Enquirer: 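The structure is given below, and queries will be raised subsequently.
Because the structure is a prediction, the values reported are computed rather than measured. The figures here come from the full heavy-atom set of this structure, side chains too, leaving out hydrogens, waters and symmetry mates.
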Amino acid sequence: MADTTKVFVVLDPTSMEQPSLVWGEKIALDMKEHRSLTVQLHVYCCIDPAEGAAAGDDGAQAASLKSVAEWLERMVTHTRAQGIPVETEVEAEAQWRQAIVNAAQRINCNVVIKNLTQHSRLVRLVRETADWQLLRDCHCPVLLVKTGKEYGINKILVAVKHTEDDAYKAANTSMLDSAKRLADDLGASVHAVTCYQSDDRPDRQRFADSCGLERSQVTAAMGTPEKVIASVAEEVEADLLVIARVARPESAGMLGDTARKVIDEIATDVLVLPMTR
């Protein structure tokens with residue numbers, strides 16, 4: 001295939017583990033093996049010039065940037081040794097959260113991969129986090145991966161909204177199509193989950209038919225979306241959750257309520273697909 005898939009990998013200079021790079025490598029190798037796809041990684045790191053010993057000192061900041069750039073090059077040595085094309089980039093920006101979004105859009109990437117920083121619900125309510133800003137502002141899919149979890153995508157779970165709203169029905173179809181393409185690329189299987197209220201239980205066979213999946217591959221359960229999704233993900237041993245961020249055109253900067261809540265409820269990694277009503 002002539003086209004190259006661009007994967008934007010965000011590294012965290014404050015962390016000893018970089019699962020985002022591990023996932024970038026493995027996805028590139030899986031796509032090459034299963035679909036002969038060419039994947040290029042753009043490995044990016046942004047530092048805050050106001051922090052550390054370099055604060056307020058141009059020379060020290062330049063030295064800090066050089067040090068981080070050398071660290072990035074060391075980090076991708078193994079990646080390049082596997083035959084994966086890699087570019088590296090380091091920036092120093094006070095608004096580093098926005099800088100990540102800007103860089104991802106500048107290189108026109110197909111997907112962003114970032115370590116998921118675990119926060120309590122209270123912290124996310126009172127403080128803007130890099131994860132939320134990326135999910136809210138990025139125009140491409142965002143994959144949030146957790147530390148301490150080995151790579152492996154054998155089961156993909158799609159969070160389907162049980163609704164008659166045309167915008168959400170379109171989002172459901174788009175998510176399922178994307179999940180099935182990804183499953184083909186990676187040699188994985190697809191499952192779907194939806195939640196309902198006590199008086200609106202969906203027919204399981206009709207739900208399966210609407211998803212284009214077997215009855216054994218779908219689950220409907222009563223409860224709040226984030227709790228149902230997390231429970232079913234554990235039950236089916238999902239490796240990846242696919243969920244949509246559906247925003248209205250007049251409020252495209254709003255992060256969907258379910259997507260916002262589920263990232264700290266679920267034990268698996270999360271792929272968020274941006275969509276507009």
Enquirer: Within a radius of less than 6.0 Å around CZ of Arg206, do more than 12 heavy atoms belonging to other residues, nucleotides or ligands occur?
Expert: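 No.
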Enquirer: Restricting to salt bridge (charged side-chain N to carboxylate O under 4.0 Å, His left out), what partner residues turn up for Glu73, sequence neighbours left out?
Expert: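 For Glu73, the residues satisfying salt bridge (charged side-chain N to carboxylate O under 4.0 Å, His left out) (neighbours in sequence not counted) are Arg80.
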Enquirer: Grab the two heavy atoms, one from Ala188 and one from Lys155, that are nearest each other, plus how far apart they are.
Expert: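 That closest heavy-atom pairing would be CB-N, 4.4 Å.
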Enquirer: What's the spacing between Leu182 CG and Met175 CE if we round to 0.5 Å?
Expert: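 Between Leu182 CG and Met175 CE, I get 13.5 Å after rounding to 0.5 Å.
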Enquirer: Regarding Asp12 and Thr14, is there a side-chain donor-to-acceptor distance under 3.5 Å anywhere?
Expert: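 Yes, because at least one side-chain N or O of Asp12 sits under 3.5 Å from a partner of the opposite role on Thr14.
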Enquirer: If you define the side chain from C-beta out and look only at heavy atoms, does anything of Leu116 sit under 4.5 Å from Asp269?
Expert: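 Side-chain contact under 4.5 Å: no.
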Enquirer: Of the non-hydrogen atoms in Thr194 and Lys161, which two are nearest, and what is the gap between them?
Expert: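 Looks like OG1-C, 3.8 Å.
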Enquirer: Restricting to non-hydrogen atoms, name the atom on Val112 and the atom on Leu134 that form the minimum distance, rounded to 0.1 Å.
Expert: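 It is CG1-CD2, 3.8 Å.
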Enquirer: Give a yes or no on whether Glu70 atom CD has more than 12 heavy-atom contacts from other residues, nucleotides or ligands under 6.0 Å away.
Expert: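 Counting other residues, nucleotides and ligands, CD of Glu70 exceeds 12 neighbours.
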Enquirer: For the atom pair CD1 (Ile266) and NZ (Lys227), what is the distance rounded to the nearest 0.5 Å?
Expert: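 One finds 12.0 Å between CD1 of Ile266 and NZ of Lys227.
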Enquirer: Give me the atom names and distance for the closest heavy-atom approach of Ala192 to Val160.
Expert: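 Distance-wise, the nearest heavy atoms are CB-CG2, 4.1 Å.
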Enquirer: Go through the steps for Leu41 and Thr79 under the test side-chain contact (heavy atoms from CB on, under 4.5 Å), then give the verdict.
Expert: CA-CA 9 Å; Leu41 302 189; Thr79 313; 3.7 Å; yes
Enquirer: Taking Glu237 for its side chain and Glu234 for its backbone only, find out whether a donor-acceptor pair lies under 3.5 Å.
Expert: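 No, because the side chain of Glu237 does not come within donor-acceptor range (under 3.5 Å) of the backbone of Glu234.
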Enquirer: Apply side-chain contact (heavy atoms from CB on, under 4.5 Å) to Gln105 and His139, showing your working.
Expert: CA-CA 7 Å; Gln105 294 178 178; His139 300 325; 3.3 Å; yes
Enquirer: With sequence neighbours left out, what residues match Ser178 under side chain to side chain donor-acceptor pair (under 3.5 Å)?
Expert: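 So Ser178 forms a side chain to side chain donor-acceptor pair (under 3.5 Å) with Arg181.
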Enquirer: Are Glu91 and Arg106 ion-paired here, with the side-chain N under 4.0 Å from a carboxylate O?
Expert: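 Looking at Glu91 and Arg106, the cut-off is met.
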Enquirer: Under a 3.5 Å threshold, yes or no: a donor from one side chain and an acceptor from the other, between Glu25 and Tyr151?
Expert: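 No donor-acceptor contact under 3.5 Å links the two side chains.
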Enquirer: If you take all heavy atoms of Ala238 and Thr268, which pair is closest and at what distance?
Expert: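 Closest pair (atom of Ala238, atom of Thr268, distance): O-OG1, 3.3 Å.
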Enquirer: May I ask you to check whether over 12 heavy atoms, not counting those of Gln95, lie within 6.0 Å of atom CD?
Expert: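 No, CD of Gln95 has 12 or fewer neighbouring heavy atoms, counting only those of other groups under 6.0 Å.
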Enquirer: Might you work through the side-chain contact (heavy atoms from CB on, under 4.5 Å) test for Asp185 and Leu37, ending with a clear yes or no?
Expert: CA-CA 8 Å; Asp185 291 342; Leu37 299 177; 3.9 Å; yes
Enquirer: Look up atom CG in Asn172 and atom CG in Asp165, then write down how far apart they are to the nearest 0.5 Å.
Expert: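 Result: 9.5 Å between the selected atoms.
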Enquirer: Using a 4.5 Å cut-off on heavy atoms from C-beta on, say whether the side chain of Gln18 contacts that of Asn115.
Expert: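 SC-SC contact between Asn115 and Gln18 confirmed.
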Enquirer: Flag the pair Val142 / Leu144 as yes when at least one side-chain heavy-atom distance between them is below 4.5 Å, and no otherwise.
Expert: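 Val142 vs Leu144: side chains touch.
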Enquirer: Could you grab the distance from atom CD of Gln205 to atom OG of Ser210, nearest 0.5 Å is fine?
Expert: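 Atom-to-atom, Gln205:CD and Ser210:OG are 10.0 Å apart.
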Enquirer: Are the side chains of Val218 and Val193 in contact, using a 4.5 Å heavy-atom criterion?
Expert: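 With C-beta onward as the side chain, the pair stays apart.
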Enquirer: Does some side-chain heavy atom of Ile153 sit less than 4.5 Å from a side-chain heavy atom of Ile156?
Expert: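 Yes, their side chains come closer than 4.5 Å.
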Enquirer: Any idea which heavy atoms bring Leu271 and Pro141 closest together, and the distance?
Expert: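 What the structure gives for the nearest pair is CD1-CB, 4.0 Å.
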Enquirer: Please tell me if the side chains of Ile27 and Val39 come closer than 4.5 Å, counting only heavy atoms from C-beta onward.
Expert: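 They are not in side-chain contact.
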Enquirer: Judged by modelled atom types alone, do His42 and Glu87 share a side-chain donor-acceptor pair under 3.5 Å?
Expert: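 Short answer, yes.
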Enquirer: Given side-chain contact (heavy atoms from CB on, under 4.5 Å), test Ile100 with Phe8 step by step and report yes or no.
Expert: CA-CA 10 Å; Ile100 295 172; Phe8 187 86; 4.2 Å; yes
Enquirer: Might you confirm whether atom NZ of Lys180 has over 12 heavy atoms from other residues, nucleotides or ligands at distances under 6.0 Å?
Expert: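 Enclosed: over 12 neighbouring heavy atoms sit under 6.0 Å from NZ of Lys180.
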Enquirer: Starting at CG of Asp239, measure out to CG of Leu157 and round the result to the nearest 0.5 Å.
Expert: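 The distance works out to 10.5 Å.
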Enquirer: Pro13 versus Ile47: any side-chain heavy-atom pair under 4.5 Å?
Expert: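 When only atoms from C-beta onward are counted, Ile47 and Pro13 do touch, with a gap below 4.5 Å.
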Enquirer: Give, for atom CG of Leu176 and atom SG of Cys211, the distance between the pair rounded to the nearest 0.5 Å.
Expert: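 If we round to the nearest 0.5 Å, Leu176:CG and Cys211:SG are 5.0 Å apart.
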Enquirer: Do Asn110 and Thr5 have side-chain atoms, one donor and one acceptor, less than 3.5 Å apart?
Expert: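 Asn110 vs Thr5: no donor-acceptor pair found between side chains.
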Enquirer: Decide whether Ile107 and Val101 are clustered together by the hydrophobic rule: side chain heavy atoms of Ile, Leu, Val, Met, Phe, Trp, Tyr closer than 4.5 Å, transitively.
Expert: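 Yes.
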Enquirer: Crowded around Arg201 CZ? As in, over 12 foreign heavy atoms under 6.0 Å?
Expert: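 No - once you tally the heavy atoms of other residues, nucleotides and ligands closer than 6.0 Å, there are 12 at most.
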Enquirer: Mark yes or no for whether Arg204, through its side chain, and Thr219, through its backbone, hold a donor-acceptor pair below 3.5 Å.
Expert: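 No: the side chain of Arg204 does not pair with the backbone of Thr219.
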Enquirer: Given the rule that I, L, V, M, F, W and Y join up when any side-chain heavy atoms are under 4.5 Å apart, are Tyr196 and Val228 in one cluster?
Expert: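 No, separate clusters.
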Enquirer: Do Val43 and Leu21 come close enough that some side-chain heavy atom pair is under 4.5 Å?
Expert: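 Yes, their side chains come closer than 4.5 Å.
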